[in-house]
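See below for the structure under consideration.
A, B, ... follow the sequence lines: proteins, then strands. Residue 1 opens every chain.
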Amino acid sequence: MTNEAAKFILDTYRPNGADAQDPTFRAALDQAASDPDLAAWFKEQRSFDSLVAAKLTEIEAPPNLYSAILAGMETRSPIRRFTIGPILALAAVVVLSGIILVPMYMEHQSRTALISQYQKANLTMLSSPSWPQLDLVTTNFSQTQAYLAHMKAPRIPRLPGALLDLPTVGCKAFYWNHQQLSLTCFRLPSGDLLHVFVIDENTFHSTNIEDTFRDMDGWHVKFERRDGMLLMFVSRAPMAEIKEYI
Amino acid sequence: MTHELNLEAVAGRFYASLYRFALSLTKNEVEAGDLTQQTFFILAQRSHQIRDTSKVKCWLFTTLRREFLRTLRVQSNHPHVEFRPEIHDAPALSADALRALDAKAVLEALTQIEPTYRTAVELFYLSEMSYKEIAESLEIPIGTVMSRLSRGKEQLKAILSAAVSETSPKIIPLRNDEQAAQ
């Protein structure tokens with residue numbers, strides 16, 4: 001093996017030494033041990049690789065990313081986690097009994113669960129100490145809508161008149177379950193925030209969604225369908241104040 | 001190794017290196033964060049399909065790259081950065097000079113490697129994947145990985161050397177008459 005051939009192989013030797021036992025490197029490493037020129041090159045190469053790898057690890061991930069990942073993984077659809085066994089068994093039952101209502105019922109349950117997951121994901125995001133991290137910070141509602149339009153994210157179709165008078169805090173466009181959605185935050189006179197999530201209502205098909213206020217984990221939550229969008233209003237403000245605006 | 005994945009542990013172990021890989025691809029912190037989240041979301045959905053848990057790292061990096069490429073196809077707005085051939089002749093890079101460089105400058109240098117070689121080099125440094133795992137992830141022969149790493153690292157050295165010389169203070173030797181005047 002020439003030194004050039006050995007260098008070609010040793011270029012792929014990882015700086016952390018994880019390849020020490022890989023037989024592919026054996027001959028090249030032996031050659032480096034006996035040839036001073038190759039040894040010097042290899043030493044310099046490893047030093048360079050180690051420095052580059054170390055430099056790159058200095059770049060830190062955003063502090064909220066880990067909690068956001070965990071929240072996102074919580075929202076996975078349980079229907080995709082079925083193993084083949086139960087699915088086959090269910091199929092057998094369906095075929096044998098000739099009942100088509102079973103899968104229909106399951107689909108309904110799945111959609112209901114999906115809404116629950118959507119709601120939970122949004123509340124988890126809002127409850128995280130460092131959330132919501134907004135893409136755009138502005139007090140101007142029109143600017144939030146322009147930004148969301150630019151991002152091709154769903155926007156609030158028609159805002160209740162009273163809400164139009166409130167300043168915004170900002171907005172964010174992001175994805176949940178492969179669906180794009182948006183979050184626009186308003187500041188109420190009390191100083192509390194009112195968050196409005198908007199997603200295409202087809203995400204949940206024709207599932208019935210209650211449009212009354214409910215309390216969840218300390219949040220007041222209300223869903224509303226409007227012009228093809230599903231709006232989710234969320235706030236910790238007193239209910240009386242929220243109702244003035246929604 | 002075929003036991004159930006502990007998703008939280010997997011996320012804790014790999015999210016930072018995945019984020020750095022995403023950042024090298026997207027060159028945008030927000031997009032890198034979203035891409036990392038999306039990758040773990042897909043993992044959560046498909047974790048039951050992963051039979052060999054020892055390959056989860058390779059799976060994550062492969063999936064993140066595929067998601068990035070899928071997004072690219074949709075958006076078609078990723079700037080294409082060409083390698084500048086003139087920097088092949090840059091001076092050799094000392095370890096001290098490299099240490100003095102900012103981490104983001106090193107990441108930026110990675111993104112300037114010619115696209116053909118770049119991903120292999122990014123995976124080499126950011127994921128600590130072996131050449132075999134890189135070959136599996138990129139679906140290319142092992143010999144091609146070796147070739148891309150060799151050429152890509154050569155380019156990286158040249159780019160970093162150029163970056164160092166740009167940031168170094170310029171020392172201009174005095175002329176003889178100026179020395180005499182002092």
Just so I understand: if I count every heavy-atom pair under 4.5 Å between each of L149(B), T36(B), L98(B) and chain A, which residue has the most?
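Among the listed options, the one with the most contacts to chain A is L98(B).
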Between K104(B) and E29(B), is the closest basic N to carboxylate O distance under 4.0 Å?
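K104(B) and E29(B): salt-bridged.
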D49(A) bridged to R46(A) by N-O distance under 4.0 Å:
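Judged by the 4.0 Å cut-off on N to carboxylate O distance, D49(A) and R46(A) do not form a salt bridge.
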Is the distance from the ring center of F41(B) to that of Y175(A) below 6.0 Å?
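That pair fails the under 6.0 Å test.
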Around E128(B), counting heavy atoms of other residues, nucleotides and ligands shown, do more than 12 lie under 6.0 Å from its CD?
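It does not: E128(B) CD has 12 such atoms or fewer within range.
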Between D22(A) and chain B, which part of the residue has a heavy atom less than 4.5 Å away: side chain, backbone, both or neither?
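Contact with chain B is through the side chain of D22(A) alone.
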Which atoms of F48(A) approach chain B - backbone, side chain, both or neither, heavy atom under 4.5 Å
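For F48(A), backbone and side chain are both near chain B.
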Counting heavy-atom pairs closer than 4.5 Å to chain B, which one of [options] comes out on top?
options                       : answer
L10(A), T24(A), I59(A)        : I59(A)
P15(A), A53(A), P62(A)        : P62(A)
K7(A), Q45(A), R14(A), E58(A) : R14(A)

Tell me, with the steps shown, if F141(A) and F186(A) meet ring pair (Phe, Tyr, Trp, His ring centres under 6.0 Å).
CA-CA 9 Å; F141(A) 175 69; F186(A) 296 86; 5.8 Å; yes
Check whether K57(B) reaches the backbone of S127(B) with its side chain - one donor and one acceptor, N or O, closer than 3.5 Å.
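Pair found, side chain donor or acceptor close to backbone of S127(B).
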By a 4.5 Å heavy-atom criterion (distance strictly below it), what part of [X] contacts chain A: side chain, backbone, both, or neither?
X       : result
R20(B)  : side chain
L110(B) : side chain
I134(B) : neither
L160(B) : side chain
S147(B) : both
F124(B) : side chain

Can you label the angle between the F61(B) ring and the F21(B) ring as parallel, tilted or perpendicular, going by 30° and 60°?
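Plane angle between 30° and 60°, so tilted.
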Apply ring pair (Phe, Tyr, Trp, His ring centres under 6.0 Å) to residues F204(A) and Y118(A) and explain how you reach the verdict.
CA-CA 10 Å; F204(A) 306 105; Y118(A) 172 70; 5.2 Å; yes
